[in-house]
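Just follow the structure's listing: the first ligand is 1, and inside any ligand the first atom is 1. For the single chain, residues carry numbers from 1 onward in sequence order. Given the structure is predicted, the values throughout are model-derived calculations rather than measurements.
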Amino acid sequence: MILLWNDTFISEDELRISKDDRGYHFGDGVYEVIKVYGASMFTAEEHIDRLYESADKIKLIIPYTKDVLQKMLYDLVETNNVIDGHIYLQITRGVVPRQHYFPSEGIEPMLLAYTKEAERPLNQFEAGVKAKFVEDVRWLRCDIKSLNLLGNVLAKQEAHEEGCYEAILHRGEKVTEGSSSNIFGIKGGVLYTHPADNFILNGITRRVILQCCKEIGIPVIEEAFTREQTLAMDELFLSSTTSEITPIIEVEGNRIGSGARGQWTEKLQESFEKKLPQAIGI
Ligand code: PLP
C-alpha cells in the first residue's frame with residue numbers, strides 16, 4: 001500500500017515516525033476520514049473544508065492549498081486502486097522536542113494519509129445496532145476533529161464491553177452525540193438532533209442527512225433531547241462517514257419504537273444512497 005507522507009508518496013516500510021512528533025506526545029493535530037465509493041471520494045470538499053477549519057481552530061497552518069490536497073488524495077485513491085473503502089488523513093503540528101507551547105517558526109506540520117478497502121456494512125444498515133448511554137466527559141471543543149480522542153475511546157470501550165456498537169454521550173440529561181457518530185431521533189415524523197455547536201462534531205454525514213430531510217420534507221428540530229426522550233423516540237439512528245445511517249434499535253435493554261429499523265430511517269437511507277457516487281444498493 002502506498003501512503004501520502006507530506007507531499008510525497010511512499011511505501012509503508014519507508015514510513016519513519018519521529019518520537020518527537022507532537023501528534024505522539026499531545027495528540028496535537030487534526031484528522032479526517034473520507035469515504036470512497038466506486039473509486040470516487042464522497043463529499044471530499046466538505047471533508048477538506050472541515051479539516052482546514054479544525055486546523056485553523058488549533059492555529060495549525062496546513063502548508064498546501066485545498067486544491068493541491070484534494071488532488072493528492074485523488075492520486076492516492078487511484079494509486080492504491082481503492083474501489084470501496086476510505087481515506088484516513090491526519091496532520092500534526094510537527095516534530096520538535098517535547099514542550100507544551102507551540103514550536104517556533106520553521107517547524108513543518110506532518111501529514112499522513114492512507115487508504116483502506118472496506119465493504120459497506122449493509123446488514124447493519126437494516127438490522128440496526130444496540131447502544132449504551134455514557135456520560136460525556138470530553139472537553140468543550142468537540143467541534144474540532146482533533147486527534148485527542150481519549151474521551152471518545154473510553155466511552156466506546158464502555159459500550160463495547162456491554163456488547164453495544166455505540167455509546168450515546170450525554171452531558172447531564174442532554175444527549176450530545178455518539179463516541180464516533182452523530183445521534184438523531186424521530187418522533188411523530190419530526191427529526192431531532194443536537195445543534196452544531198461546540199458540544200458536537202458537525203458530521204459531514206449529518207449535513208447530508210439534513211439535506212435529505214429537506215428534500216423528503218421531514219421537519220427538523222436542531223435541539224438537544226434528553227435521555228428519557230431518547231428512549232421514547234419512534235426511531236433512533238446514528239450517522240458517520242463509515243456507518244452512514246445506522247438504526248439504533250435498543251438502548252440499555254429498552255427497545256426503541258418497534259425494535260426494528262423504522263420507516264423514516266429507511267427513507268433517509270434511500271435518499272442518502274441516491275447521493276452516493278455510485279448507487280450500490282442496500
Ligand atoms: N461525532 C464524532 C465524535 C465523530 O468522531 C464522528 C466521525 O468520526 C462524527 C460525529 C460523524 O462525522 P462524519 O459524518 O463527518 O463522519
Side-chain angles (χ1 to χ4, degrees), residues 27 29-37 41-55 57-58 73 85-91 113 116 118 120-121 124-125 129 131-160 164-171 174-185 191-213 220 222 224 236-248 265 268-269 271-273 275-276:
V30 292
Y31 78 106
E32 277 298 329
V33 179
I34 306 175
K35 190 85 186 134
V36 175
Y37 295 99
M41 290 187 280
F42 180 51
T43 52
E45 268 167 43
E46 289 83 348
H47 281 282
I48 289 170
D49 281 349
R50 187 174 63 183
L51 180 76
Y52 280 73
E53 280 163 22
S54 290
K57 287 172 181 173
I58 67 162
L73 295 179
H86 60 258
I87 303 170
Y88 175 85
L89 157 72
Q90 69 169 46
I91 183 154
K116 185 168 186 271
R120 300 171 69 206
Q124 199 171 278
F125 296 162
V129 296
K132 179 188 188 318
F133 289 122
V134 177
E135 182 73 42
D136 191 347
V137 296
R138 300 173 302 162
W139 69 333
L140 300 175
R141 293 307 307 274
C142 299
D143 54 311
I144 302 172
K145 201 160 168 69
S146 151
L147 290 176
N148 266 287
L149 288 174
L150 203 45
N152 308 62
V153 166
L154 291 174
K156 183 75 94 182
Q157 178 62 19
E158 210 176 311
H160 181 70
C164 293
Y165 180 78
E166 183 57 303
I168 300 178
L169 303 177
H170 57 94
R171 286 189 192 263
K174 297 273 173 73
V175 166
T176 51
E177 61 178 340
S179 71
S180 61
S181 62
N182 292 114
I183 302 289
F184 303 78
L191 182 134
Y192 296 85
T193 195
H194 197 286
D197 58 17
N198 61 306
F199 293 115
I200 70 158
L201 181 75
N202 186 3
I204 304 298
T205 321
R206 176 186 184 279
R207 302 176 203 185
V208 177
I209 290 168
L210 297 187
Q211 182 59 35
C212 292
C213 285
V220 172
E222 289 184 74
L236 201 62
F237 65 86
L238 60 84
S239 78
S240 79
T241 294
T242 51
S243 296
E244 299 184 14
I245 298 175
T246 296
I248 299 174
T265 306
L268 282 168
Q269 287 175 325
S271 167
F272 183 83
E273 177 96 17
K275 296 187 186 298
L276 301 183

Close N/O pairs between ligand 1 and protein, under 3.5 Å:
from     : atom 1 : to   : atom 2 : distance (Å)
ligand 1 : 1 (N)  : E177 : OE1    : 2.7
ligand 1 : 1 (N)  : S181 : O      : 3.4
ligand 1 : 8 (O)  : K145 : NZ     : 3.2
ligand 1 : 14 (O) : I204 : N      : 3.3
ligand 1 : 14 (O) : T205 : N      : 3.0
ligand 1 : 14 (O) : T205 : OG1    : 2.6
ligand 1 : 15 (O) : R50  : NH1    : 2.9
ligand 1 : 15 (O) : R50  : NH2    : 2.9
ligand 1 : 15 (O) : I204 : N      : 2.8
ligand 1 : 16 (O) : T241 : N      : 2.9
ligand 1 : 16 (O) : T241 : OG1    : 2.6

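- Q211 meets the side chain to side chain contact (heavy atoms under 4.5 Å, CB included) test with K214, E215, K275; sequence neighbours excluded.
- In this structure Y165 satisfies the ring-ring contact (aromatic ring centres under 6.0 Å, His included) test with no other residue, sequence neighbours excluded.
- Here the two rings, on F184 and Y192, have centers that are 6.0 Å apart or farther.
- Residues that satisfy the ring-ring contact (aromatic ring centres under 6.0 Å, His included) test with F42, not counting sequence neighbours, are Y37, F272.
- For K57, the NZ atom counts as densely surrounded, since its 6.0 Å shell holds more than 12 non-hydrogen atoms of other residues, nucleotides or ligands.
- The OG1 atom of T241 sits 9.0 Å away from the NZ atom of K35 when rounded to the nearest 0.5 Å.
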